[in-house]
Protein chains: 2
Amino acid sequence: MIAMPAKRPPVPLSLERIVDAALHIADGQGLRRLTMRRLGDALQVEAMAIYHHLPRGKEALMDVLAEHVTAVQVAPDGLGTWQERARAWARASRTALLEHPGVLSLALTKPSKGAALIAVREQVEQLQEAGLEGAGEAVRALRAYVFGSVAVEVQRSGWADPDATVQNARTEDGERDFEHGLDALIRGLGG
Amino acid sequence: MIAMPAKRPPVPLSLERIVDAALHIADGQGLRRLTMRRLGDALQVEAMAIYHHLPRGKEALMDVLAEHVTAVQVAPDGLGTWQERARAWARASRTALLEHPGVLSLALTKPSKGAALIAVREQVEQLQEAGLEGAGEAVRALRAYVFGSVAVEVQRSGWADPDATVQNARTEDGERDFEHGLDALIRGLGG
DNA sequence: ACCTGAACACCGTTCAAGT
DNA sequence: ACCTGAACACCGTTCAAGT
């Protein structure tokens with residue numbers, strides 16, 4: 001017999017591996033090209049194998065991806081004024097969303113559930129506990145601003161274009177604009 | 001011969017009719033079900049006929065839909081402080097976006113072009129002329145907040161769900177939250 | 001339990017053809 | 001100029017079957 005190239009023992013499929021591969025495809029080629037078949041190829045598996053780990057199929061995958069970029073935890077040890085906490089959370093959320101632009105439209109569109117919902121509630125409690133009254137409204141305003149900022153920043157970077165050529169020079173402007181508006185919003189929420 | 005039901009003279013296809021039908025489908029059944037073939041059916045035409053009016057196909061249609069909900073004009077006679085103008089523009093934008101929730105993810109994702117870009121520039125000029133310095137940053141912050149607010153409001157209304165059952169009770173809360181954050185942001189942008 | 005292969009109903013888009 | 005019909009390459013998902 002002739003020695004064949006070692007067929008390494010197939011790493012078993014797992015939700016984590018599926019999600020990683022899906023994010024890689026969506027970020028690299030766009031959400032439109034994230035296909036069950038392509039995802040299967042990337043994982044060295046037939047597309048249908050994915051259904052065993054995500055019985056609700058592509059819809060379930062989308063939910064998981066949205067939650068992945070949307071459920072942000074901020075260190076709970078955070079001593080500090082509500083302003084500092086709000087700022088820390090806003091920055092962490094922006095960073096998480098910008099990390100996977102290919103999946104942003106899901107984050108903006110899918111109703112938050114699970115871990116994402118819990119994170120929001122924690123945020124409200126943190127600000128409340130730091131002395132802000134009307135923390136619920138404040139968190140909703142901050143969330144809206146962060147989501148919208150990232151949407152505008154990503155759309156300006158031309159990401160949504162068929163052939164995505166990201167200009168990294170833009171990210172500085174994006175950050176400056178983000179901080180400017182965040183300052184204004186936090187200041188306004190105070191009075 | 002037997003009289004046939006009057007086959008009314010076929011109204012010629014037009015970009016306007018295509019866009020109207022597309023919005024109707026997207027709002028009623030979701031963007032995922034907006035299909036060239038379904039769109040053709042709604043217009044009593046073969047899907048391929050649409051390509052004659054939108055040579056770049058579905059991609060072009062998406063661009064047009066995004067622009068449709070995103071290009072907002074506010075009465076230019078608007079005397080008033082920059083605060084009043086900013087508020088008027090923000091409200092008009094929110095209304096326009098909420099009118100077609102099915103297409104919101106396009107508005108948030110597609111880089112603005114054409115009429116939408118012009119509208120943004122006009123906004124900057126209006127606020128500048130009303131005495132606000134740093135009008136560019138202010139407009140970008142306001143845009144981010146408006147987009148994000150609508151995204152959060154629509155996602156909370158459960159619109160993105162497979163079977164969209166919109167709870168109209170929510171719209172009051174949405175408006176209150178929107179006004180609250182808008183007040184804060186405008187206040188903060190002032191000083 | 002986990003994965004495959006074949007099959008089904010449906011996509012977007014092309015192209016030659018009709019009027 | 002405007003629309004149709006057939007065709008192509010590709011979807012998501014099912015289901016029975018393999019191990």
Side-chain angles (χ1 to χ4, degrees), chain A residues 4 7-26 28-66 102-103 105-106 109-110 160-164, chain B residues 7-26 28-66 102-103 105-106 109-110 160-163:
Chain A
M4 299 293 287
K7 198 190 284 180
R8 71 176 75 85
V11 183
L13 218 43
S14 70
L15 188 58
E16 202 197 347
R17 285 188 63 222
I18 294 174
V19 169
D20 284 352
L23 288 171
H24 189 256
I25 294 174
Q29 323 186 28
L31 195 59
R32 257 190 34 234
R33 313 200 56 162
L34 174 54
T35 262
M36 296 305 269
R37 284 165 150 103
R38 239 186 291 258
L39 187 52
D41 281 359
L43 292 163
Q44 314 246 47
V45 109
E46 294 298 311
M48 300 72 196
I50 299 167
Y51 286 81
H52 213 269
H53 300 259
L54 286 164
R56 271 181 43 256
K58 197 173 188 185
E59 201 56 32
L61 177 59
M62 302 303 220
D63 287 348
V64 175
L65 294 178
V103 124
S105 72
L106 296 178
T109 273
K110 292 262 176 192
D161 267 7
D163 303 84
Chain B
K7 196 190 283 178
R8 71 174 76 82
V11 183
L13 219 44
S14 70
L15 188 59
E16 202 197 347
R17 287 188 60 221
I18 293 173
V19 169
D20 284 353
L23 288 171
H24 189 256
I25 294 172
Q29 322 187 29
L31 195 58
R32 257 191 33 235
R33 313 200 55 163
L34 173 54
T35 262
M36 296 303 271
R37 284 163 150 104
R38 240 187 289 260
L39 187 52
D41 281 359
L43 292 162
Q44 314 246 46
V45 108
E46 295 298 313
M48 301 72 197
I50 298 167
Y51 286 81
H52 212 271
H53 300 259
L54 286 166
R56 272 183 39 256
K58 196 173 188 186
E59 201 56 31
L61 176 60
M62 302 303 220
D63 287 348
V64 174
L65 294 178
V103 124
S105 70
L106 296 178
T109 272
K110 293 262 174 189
D161 267 8
D163 305 84

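These numbers were taken from a predicted model, which means no experiment stands behind them. Naming convention: chains lettered A, B, ... in sequence-line order (proteins, then strands); numbering from 1 in each chain.
One can place OH of A:Tyr51 at 18 Å from P of C:dA7, the figure rounded to the nearest angstrom. In this structure, the CG atom of B:Asp41 is 14 Å from the C1' atom of D:dT4, given to the nearest Å. The separation between A:Leu31 atom CG and D:dC11 atom C1' is 14 Å, rounded to whole Å. Atoms CD1 (A:Ile50) and P (D:dT14) sit 14 Å apart, rounded to a whole Å. The distance between atom CE of B:Met36 and atom P of C:dT14, rounded to the nearest whole Å, is 10 Å. Atom CG of B:Leu43 is separated from atom P of D:dC3 by 10 Å (rounded to the nearest Å). When rounded to the nearest whole Å, the span between NZ of A:Lys58 and P of D:dG12 equals 4 Å. Rounded to an integer number of Å, the gap from B:Leu39 CG to C:dG12 P is 9 Å.
The side chain of A:Arg32 places no N or O atom within less than 4.0 Å of a non-bridging phosphate oxygen (OP1 or OP2) of D:dC11. B:Thr35 has a side-chain polar atom (N or O) that falls below the 4.0 Å cut-off from OP1 or OP2 of C:dG12. Between A:His52 and C:dT4 there is no side-chain polar atom (N or O) within less than 4.0 angstrom of OP1 or OP2.
Residue B:Met48 is in base contact, counting any heavy-atom pair closer than 4.0 Å across all strands shown. Within the 4.0 angstrom heavy-atom criterion, only backbone atoms of the sugar-phosphate kind lie near B:Arg38; the bases stay farther away.
Ranking D:dG12, C:dT13, D:dC3 by closeness to the B:Val45 side chain, first place goes to D:dC3. Closest to the side chain of B:Glu46, from the set D:dG5, D:dC11, C:dC3, is D:dG5.
Using a distance-only test at 3.5 Å, with no hydrogens or angles considered, a donor-acceptor pair links the side chain of B:Arg17 to the main chain of B:Pro12.
Across all strands shown, D:dA1 pairs with C:dT19; the Watson-Crick or G-U wobble distances both stay below 3.5 Å. Pairing for D:dT14 goes to C:dA6, judged as Watson-Crick or G-U wobble with the two contacts each under 3.5 Å.
Counting only heavy atoms from C-beta outward, the side chains of B:Leu61 and B:Ile50 never approach each other to under 4.5 Å.
When each of A:Arg56 and B:Arg37 is assigned the nucleotide of DNA chain D with its nearest heavy atom, B:Arg37 is the one assigned upstream, toward the 5' end.
We find the CG-NZ distance between A:Leu65 and A:Lys110 to be 9.5 Å, quoted to the nearest 0.5 Å. To the nearest 0.5 Å, atom CG of residue A:Leu43 and atom CD1 of residue A:Ile18 are 6.5 Å apart.
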